[in-house]
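For reference, the structure is listed below as structure tokens.
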Amino acid sequence: MGPEQAINTTLANGKLQLAIYTGTGRMIDKRKAVTAATVLPEFEELRTEANRLKRHTLENLDHYLLQLEANVQAHGGKVIWCKDGGEVADFVLNLAKERGARRIVKSKSMTSEEIDLNERVEKHGMEAVETDLGEYILQLAHHRPYHIVLPALHLTRYDVADIFTRGLGVEREVVIEEQTRIARRVLREKFLAADIGITGANFLVADNGAIVTVTNEGNGRLTATMPKIHIAVAGIEKVIPRARDLAVFLKLLGRSATGQPLTVYTNMVSGPRREGETDGPDEFYLVLIDNGRTRLLADREKRQSLYCIRCGACLNHCPVYRKIGGHNYPWVYSGPIGKIITPQYHGVMQDPWLPFASSLCGACGQVCPVKIEIPKILLALRNDVVKAKQREGQSRLEKLGFRMWAWLMRHPKLFELAGTAGSSVLTDEEGTGWIRRLSPLFNVGPLKSWFSQRDLPAPAERSFRQQWRQRAAQPKREEN
Amino acid sequence: MMERENILHRVRTALGRSAGQAPAAVPEPWSRIPAMSADERIERLLANVRELSGKTLRARSQAEALRYAEELVAGRTAVASNAPYLAECGVTALHGVQSGFGDREALRAVAEKADIGITSADYALAETGSLVLLSSAEEARMISLLPMIHLAILPASRILTGLDELYATEPEPMSRTSAMVLITGPSRTADIEQILVRGVHGPGEIHVVVVE
């Protein structure tokens, strides 16, 4: 069973419902304004191209990873390969120990959320400060991101006022501009004092050995510029072949994520500062992480889940996300994309309800900038869940039910008899939920949850079969 | 490192590829560079910067650009990059402007406190209103990053149409710099209730002066 109670709590919270609905709604409008054919005629063409590039890169991933590594090294950087979050944390902690570093600033990275990097390094006495405003608020409040792009979507200025008062000891401030000033002041000191800056990467550019980060606030650029050590942590699927391909992806990313033709800071870096450059870090490390991605890669049909560029458009357009919000999904990745990648990373049986929590309306697939066929993958995952359940011998009752149904279907006489018997019992009642009122049987066990959201139309007076026979018995009407 | 071989092995197994196998042919780069006159480039760049709430000037001469900088700096402190174009315009000689830093720590101490950072730009993108800066001895990163106000002065000849032309012109930017940044408007956030606030971590105010 799914986390029904938590979902019901979200549904009953009017303030939260309004925040999610207006927040995602605004993003839908803004995206529409910059992707319309009148504004950007080549938008669809770009989506197709991005899909083609991602497919090509992933199908030749070993080649591009090696090219990337060679070019990072040629520019004086080091590449670290990690199986999982534990290995990433070990690397960071060892490096910090060697350099006598203790203070880390971080710019928003879903990959580091995925591996709980902050918790892992803080356990060892390090300070790891999130510098994206939304992420910083969440860190102070000990919340997980609510949305891939709008991490603090669920909080109001009044919540932020409380969080800042409690976490920073400042006077209560409810004006958003002032709250932003407070964060700038506090975090600027952190940037200037930090020993290590950790960023994620929106793209890894193989032919340049570069990482590209895209931020609006400038925290990504500060994180990669001010501390003496820059560590970029990225999943192996983030690689693209060439810098020239950035033109395609950058046009799609900002537009799909926040409705901006281009995000404010697009920062491309490779290696530490070079001879002659005035500033920039002295050391550069690119940490490549697998953490389950190669398992996903092995599935030809669902491999495309790795094309994701984390724009969040599928969340904004999802009727389910827009009701249940971002904290009712089992992992850091919420919404439709979370629904397809979580089961593939963790195994379908950890949260077997997840692929079913969808109306299959298809909006996610329609807006995806890299054309991931999310609905198709959801269906494939449902199939996987059913198969896994069969293997585990679960849902015996359901299997029995379907076997009886199949038997009945193969015996037309009996089927008709059952139908006639059924419709003589079932009265034609107006309104919804009639089937639940019909018999207490429909109000218990698996039938209860099925019929709590579904109703059957009342049966017709005469069945189709009866009508058919009568028609056949009548003399044929003459054609005119 | 062991894990490198493990990951590569898992990748190859997943894809059915063998070590050293050549990749399939990479798709031709997608690129569409529109025809745009020099005048249109200037106008579109500046209009897009204004759209992002930036201030702009289309200067007929370097002297006009200098006057703009002088008025902006008046009574405040500024740090200017070592871009030759700024010196050419006379900006580095202005009262209140410090320049000529080659040492990271010395620059940082000044840039941290300055009200205004003045740079040139290697390119600008008309279609998006972006400035493109390649890190070098002439163009340090902190100057366009730490102060609350960023002023960029560049000759009109450096304006490209957009992203496609940028990467066609600079297909390998990392061969000559360790950092290339595209700056598209002032630093901004909408993380609290999606209310737009400018100047979160980077400059909250941006001025772009194009000299014809």
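Throughout, a chain's letter reflects where its sequence line sits, starting with A, and its residues are numbered from 1. The shown structure was predicted, so the numbers you read here are calculated from the model rather than taken from an experiment.
In this structure, the portion of B/Glu28 lying under 4.5 Å from any heavy atom of chain A is its backbone and not its side chain. Looking at B/Pro186, the atoms closer than 4.5 Å to chain A (heavy atoms on both sides) all sit in the backbone: N, CA, C or O. Heavy atoms closer than 4.5 Å to chain A are found nowhere in B/Glu139, neither backbone nor side chain. Of the atoms belonging to B/Ala19, not a single heavy atom falls under 4.5 Å from chain A. Proximity to chain B is absent for every atom of A/Glu275, based on heavy atoms less than 4.5 angstrom apart. Only the backbone of A/Leu155 comes within contact range of chain B, with at least one heavy atom under 4.5 Å from a heavy atom of that chain. Heavy atoms closer than 4.5 Å to chain A are found in both the backbone and the side chain of B/Arg10. In this structure, chain A has heavy atoms under 4.5 Å from both the backbone and the side chain of B/Val181. Only the side chain of A/Arg303 has a heavy atom closer than 4.5 Å to any heavy atom of chain B. There is no contact between A/Thr258 and chain B, counting heavy-atom distances below 4.5 Å. Only the side chain of A/Ile236 comes within contact range of chain B, with heavy atoms under 4.5 Å apart. Of the atoms belonging to A/Arg242, it is side-chain heavy atoms, and not backbone ones, that fall under 4.5 Å from chain B. With a threshold of 4.5 angstrom between heavy atoms, B/Asp164 approaches chain A through its backbone and through its side chain. Looking at B/Leu107, the atoms closer than 4.5 Å to chain A (heavy atoms on both sides) all sit in the side chain, from C-beta outward. For B/Thr128, the part lying near chain A is the side chain, with the backbone staying farther off; criterion is any non-hydrogen pair under 4.5 Å.
A donor and an acceptor atom, one from each side chain of B/Asn48 and B/Glu51, are nowhere located under 3.5 Å apart. Between the side chains of A/Thr215 and A/Glu217, no donor N or O sits under 3.5 Å from an acceptor N or O.
The shortest distance between side-chain heavy atoms of B/Ser99 and B/Asn82 falls below 4.5 Å.
A salt bridge links A/Glu45 to B/Arg32: one of the charged nitrogens lies within less than 4.0 Å of a carboxylate oxygen. Salt-bridge check for B/Glu112 with A/Arg188: failed, with every basic side-chain N at 4.0 Å or more from each acidic carboxylate O.
The main-chain N or O of B/Leu134 is found under 3.5 Å from a side-chain atom of B/Asp122 such that the two form a donor-acceptor pair.
Contacts with chain B were tallied for A/Gly280, A/Ala224, A/Pro272, A/Gly134; A/Gly280 has the most, counting heavy-atom pairs under 4.5 Å. In terms of non-hydrogen atom pairs under 4.5 Å with chain B, the most contact-rich of A/Arg52, A/Glu42, A/Lys83, A/Glu177 is A/Lys83.
A parallel orientation is assigned to the rings of A/Tyr146 and A/His154, their planes being inclined by less than 30° (bins at 30° and 60°).
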